[in-house]
Amino acid sequence: MDKLAVYPGSFDPITNGHLDLLERALKIFDRVIIAVASNPAKNPLFSLEERMDMIRLSLADHPLAHRIDVDTFSGLLVNYVDRVGARAILRGLRAVSDFEYEFQMALMNRKLNNKIETLYLMTGMRWIYISSRIIKEVVVSGGDVKGLVPEVVEKKLIERLRAQKGHVGAMP
Ligand code: PNS
C-alpha cells in the first residue's frame, strides 16, 4: 500500500516554502495530496480555482509531479483525510510563532479522529521568514518577491495586487 499524506492549507498563494516542504515529505511518503481549503471565510485573494491552477502550473515540470495530486476540500479536514484513505496530515513549521496555532489544530484534529496523525516538518532555512501573507504584503507595496514564489505565482500576484492597489481586505 502506498504511504499517503495530505498536505492541507489555504495556499493563497503557494510559495517556495510550501514546495520545499512538499519535497521533504516525498522523501517519506509515496504520494502527497495538496488539499486546498475552500475556506471563503478567510477571504482569500485568489479563488479556489486560481490557487489550484497556480499549484498545478508550479509543479508542471517537477520531477516528482507524478507522486503529487492537487485537490480541494471543504468542511472538516479529518473527514477529507479519511475519505481519501490517508492517515497522515502534513504541516510545516517555521518558527515558534507557528506552534500555538498548529498545536491547537493538531489536538483538535486528533480529538475529531484519533486514527489520523499530524506530522510536522521544518521548512528549509531559506524559507523560514516567508509566508503567503507576507509575500502579498511585499508585492502590494511594490517589493520584489522573485525567487520566493514560483514564477507563475509572482506574475499573477503582480497582475492582481498592483491592479487593485489598496486591496487590503484580502490579506488574511
Ligand atoms: O494554510 P492555512 O490557512 O494555515 O491552513 C489552515 C487549514 C485550511 C489547514 C485549516 O484551517 C483547516 O483544516 N480547515 C478546515 C476546517 C477544519 O477541519 N477545522 C478543524 C481543525 S482546526
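Order of listing sets the numbers, starting from 1, for every ligand and every atom in it.
Under a 3.5 Å cut-off, the side chain of Asp98 and the backbone N or O of Arg94 do form a donor-acceptor pair.
The shortest N/O to N/O separation between Leu77 and ligand 1 falls below 3.5 Å.
Contact atoms of ligand 1 toward Asn109: 20 (C), 21 (C) (distance under 4.0 Å to a heavy atom of the residue). Atoms of ligand 1 found under 4.0 Å from any heavy atom of Gly75 (numbered from 1 in listed order, with element): 15 (C), 16 (C). Residue-ligand proximity, Tyr101 to ligand 1, at heavy-atom distances under 4.0 Å covers atoms 4 (O), 6 (C), 11 (O). For ligand 1, the atoms sitting less than 4.0 Å from at least one non-hydrogen atom of Ala37 are 8 (C), numbered in the order shown with element in parentheses. Interface atoms of ligand 1 facing Phe73, defined by a heavy-atom separation under 4.0 Å, are 15 (C). Those atoms of ligand 1 that come under 4.0 Å of a heavy atom in Gly9, given as number and element, are 1 (O), 5 (O).
Salt-bridge annotation for Arg160 and Glu50: present, with a side-chain N of the basic residue lying under 4.0 Å from a carboxylate O of the acidic one.
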Check step by step if side chain to side chain contact (heavy atoms under 4.5 Å, CB included) holds for Glu102 and Leu93. CA-CA 8 Å; Glu102 293 297 334; Leu93 271 184; 3.9 Å; yes
Begin from the C-alpha positions of Glu137 and Arg133 and carry the test salt bridge (charged side-chain N to carboxylate O under 4.0 Å, His left out) through to its verdict.
-> CA-CA 6 Å; Glu137 247 177 67; Arg133 186 191 56 79; 2.5 Å; yes
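Using a 4.0 Å cut-off between heavy atoms, Val78 makes no contact with ligand 1 at all. If you look at Lys42 next to ligand 1, the close heavy atoms, those under 4.0 Å, all belong to the side chain.
Placement of Leu161 and Val153 within a single hydrophobic cluster is found when ILVMFWY residues are connected by side-chain heavy-atom separations under 4.5 Å, directly or transitively.
Applying the 6.0 Å contact sphere to CG of Asp61 captures no more than 12 heavy atoms from other residues, nucleotides or ligands.
Ranking the protein heavy atoms by distance from atom 22 (S) of ligand 1 puts Met105 CG, 3.3 Å first. Ranking protein heavy atoms by distance to atom 19 (N) of ligand 1, first place goes to Leu76 CD2, 4.1 Å. What sits closest to atom 2 (P) of ligand 1 on the protein, heavy atoms only, is Ser10 OG, 3.6 Å.
Legend: residues meeting salt bridge (Lys or Arg N to Asp or Glu O under 4.0 Å) with Arg31, ordered by chain and number and at least two apart, are Asp2, Asp69.
Distance check: Asp71 CG to Tyr7 OH gives 16.0 Å after rounding to the nearest 0.5 Å.
Using a 3.5 Å distance cut-off with no hydrogens or angles, the side chains of Asn109 and Thr118 do not pair a donor with an acceptor.
The option with the heavy atom closest to atom 9 (C) of ligand 1, from among His18, Arg91, Gln104, is Arg91.
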